[in-house]
Amino acid sequence: MLDFLARVIASLARRMRHVIVLMHARKNSRESIKRRQGNNILVICYGNIYRSPLAEYLLKKSCPPKMFNIDSAGFHRKENRPCDPEYLKLLEEHGYDLSEHRSRLIMSSDISWADIILIMDRYNWDMLKTMDENCIRKTVWIGALSNKKRVEVDDPYGKGYTFTKGIIGDIEVCIQDICLELSKPRI
């Protein structure tokens, strides 16, 4: 009984922490972009086979290549996984080709390298904070710079065609807004 109660209390505490973090995500993300020291951008999601490779791809297409260094990684332990074949077909409909992408595990050297760490959701935030609490100052929530979208972009893994198509659209809008912010002169 005590074990169950402890889990419930821990879960409630985590949810409250997430509410507070999400309340400040837009402001903190803008501050992270303004105080960055360089132009290395690391995009992360859990598996590095859906959201982060697409965001990486779109950032590389939209940001000046000589100005930004962009990479992606994830927390899933199994590396070298390709994007799901059905997802690749859906991306083709948008004119995107991620057929060469292979997943990789985020390392502490990635965190050190990055000036901006672009995350998708609160689970990414928790995992990242566990790896290196100080890197949270470099964190930018993917939807935080968009007034049109939520701060988080949900994981489409196993959620079907329509849901995944919506997530692709969300990522497209969010990346456009991030690129606009990155193009502003730093003071």
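We use all heavy atoms of the structure for the numbers below, so side chains are in, but hydrogens, waters and symmetry mates are not. All residue numbers in this chain count up from 1 along the given sequence.
- Closest of all the heavy-atom pairs between V151 and W141 is CG1-CB, 3.3 Å.
- Contact annotation: the side chain of I117 never approaches that of V43 to less than 4.5 Å [non-hydrogen atoms, C-beta and beyond].
- Smallest separation of non-hydrogen atoms from G47 and S103: O-CB, 3.6 Å.
- Looking only at side-chain heavy atoms (C-beta outward), L145 and R26 stay at 4.5 Å or farther from each other.
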Derivation of the salt bridge (Lys or Arg N to Asp or Glu O under 4.0 Å) call for R30 and E181
CA-CA 8 Å; R30 288 187 192 284; E181 189 69 27; 3.1 Å; yes

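- Residues satisfying the side chain to side chain donor-acceptor pair (under 3.5 Å) test with E93, not counting sequence neighbours, are Y161.
- Of the candidates H101, E56, R51, E56 is the only one forming a side-chain hydrogen bond (donor to acceptor under 3.5 Å, both in side chains) with S72.
- With no hydrogens or angles considered, a side-chain donor-acceptor pair links S146 and D177 at under 3.5 Å.
- Checked by atom type, the side-chain pair R36/N39 shows a donor-acceptor distance below 3.5 Å.
- Side chain of K165 to backbone of L90: no donor-acceptor contact under 3.5 angstrom is found.
- Under the 4.5 Å side-chain heavy-atom criterion for grouping Ile, Leu, Val, Met, Phe, Trp and Tyr, I178 is connected to I168 within one hydrophobic cluster.
- Atom-to-atom distance recorded for S62:OG and E172:CD is 9.5 Å, nearest 0.5 angstrom.
- V140 and W125 are not part of a single hydrophobic cluster, where members link through side-chain heavy atoms under 4.5 Å apart.
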Please determine whether side chain to side chain contact (heavy atoms under 4.5 Å, CB included) holds for the pair L59 and L118, giving the CA-CA distance in whole Å, both sets of side-chain angles, and the decisive distance to 0.1 Å.
CA-CA 11 Å; L59 281 167; L118 185 62; 4.1 Å; yes

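- Residues M120 and C45 come closest through the heavy atom pair CG-CB, 3.7 Å.
- For the atom pair OG1 (T162) and CD1 (I167), the distance works out to 12.0 Å, reported to the nearest 0.5 Å.
- At least one side-chain heavy atom of L128 sits less than 4.5 Å from a side-chain heavy atom of I44.
- The environment of CZ in R15 is sparse: at most 12 heavy-atom neighbours from other residues, nucleotides or ligands sit within 6.0 Å.
- Residues M67 and L180 do not share a hydrophobic cluster, defined by chaining ILVMFWY side chains whose heavy atoms lie under 4.5 Å apart.
- Distance CD/E152 to CZ/R122: 4.0 Å, rounded to 0.5 Å.
- In this structure, M107 places its CE atom where only 12 or fewer heavy-atom neighbours from other residues, nucleotides or ligands lie under 6.0 Å away.
- No option in N48, D110, N80 other than D110 meets the side-chain hydrogen bond (donor to acceptor under 3.5 Å, both in side chains) test with R104.
- The same ILVMFWY cluster, assembled from side-chain heavy atoms under 4.5 Å apart, contains both L42 and I136.
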Using the side chain to side chain contact (heavy atoms under 4.5 Å, CB included) rule, take L182 and I33 through it: C-alpha gap first, then chi angles, then the decisive distance, then the call.
CA-CA 7 Å; L182 289 171; I33 284 183; 4.1 Å; yes

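- Checking side-chain atoms of H94 against main-chain N and O of Y96 turns up no donor-acceptor pair under 3.5 Å.
- Put simply, the side chain of S29 gets close to the backbone of A25: a donor and an acceptor are under 3.5 Å apart.
- In terms of modelled atom types and a separation under 3.5 Å, the side chain of Y46 and the main chain of N124 share no donor-acceptor contact.
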Do H76 and R81 pass the side chain to side chain contact (heavy atoms under 4.5 Å, CB included) test, and can you show the C-alpha distance, the side-chain angles, and the key distance before you say yes or no?
CA-CA 10 Å; H76 194 283; R81 296 176 308 137; 3.5 Å; yes

Verdict with reasoning, K159 to D154, per salt bridge (Lys or Arg N to Asp or Glu O under 4.0 Å):
CA-CA 10 Å; K159 298 206 174 125; D154 295 327; over 6 Å; no

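- Electrostatic pairing of K89 and E86 counts as a salt bridge here, judged by a charged N lying under 4.0 Å from a carboxylate O.
- Partners of M127 under the side chain to side chain contact (heavy atoms under 4.5 Å, CB included) rule, at least two apart in sequence or in another chain, are F75, Y123.
- The CG atom of L88 lies 5.0 Å from the SG atom of C83; values are rounded to the nearest 0.5 Å.
- Counting only heavy atoms from C-beta outward, the side chains of D84 and Y157 never approach each other to under 4.5 Å.
- By the 4.5 Å heavy-atom criterion applied to side chains, R77 and L105 are counted as neighbours.
- Between the side chain of S32 and the backbone N or O of T139, at least one donor-acceptor pair lies under 3.5 Å.
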For I171 and L58: C-alpha separation, side-chain torsions, deciding distance, then whether side chain to side chain contact (heavy atoms under 4.5 Å, CB included) applies.
CA-CA 9 Å; I171 292 172; L58 293 173; 3.9 Å; yes

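- Closest heavy-atom contact between F68 and C63: CD1-CB, 3.7 Å.
- Between D121 and V153 there is no side-chain heavy-atom pair separated by less than 4.5 Å.
- The cluster map of Ile, Leu, Val, Met, Phe, Trp and Tyr, joined by side-chain heavy atoms under 4.5 Å apart, puts I119 and Y57 in different clusters.
- Here the side chain of N40 pairs no donor or acceptor atom with the backbone of D115 at under 3.5 angstrom.
- Here the side chains of D97 and L91 are not in contact, with every heavy-atom distance at 4.5 Å or above.
- In terms of the side chain to side chain contact (heavy atoms under 4.5 Å, CB included) criterion, residue partners of E31 (sequence neighbours excluded) are, by chain and number, K27, N28, R35.
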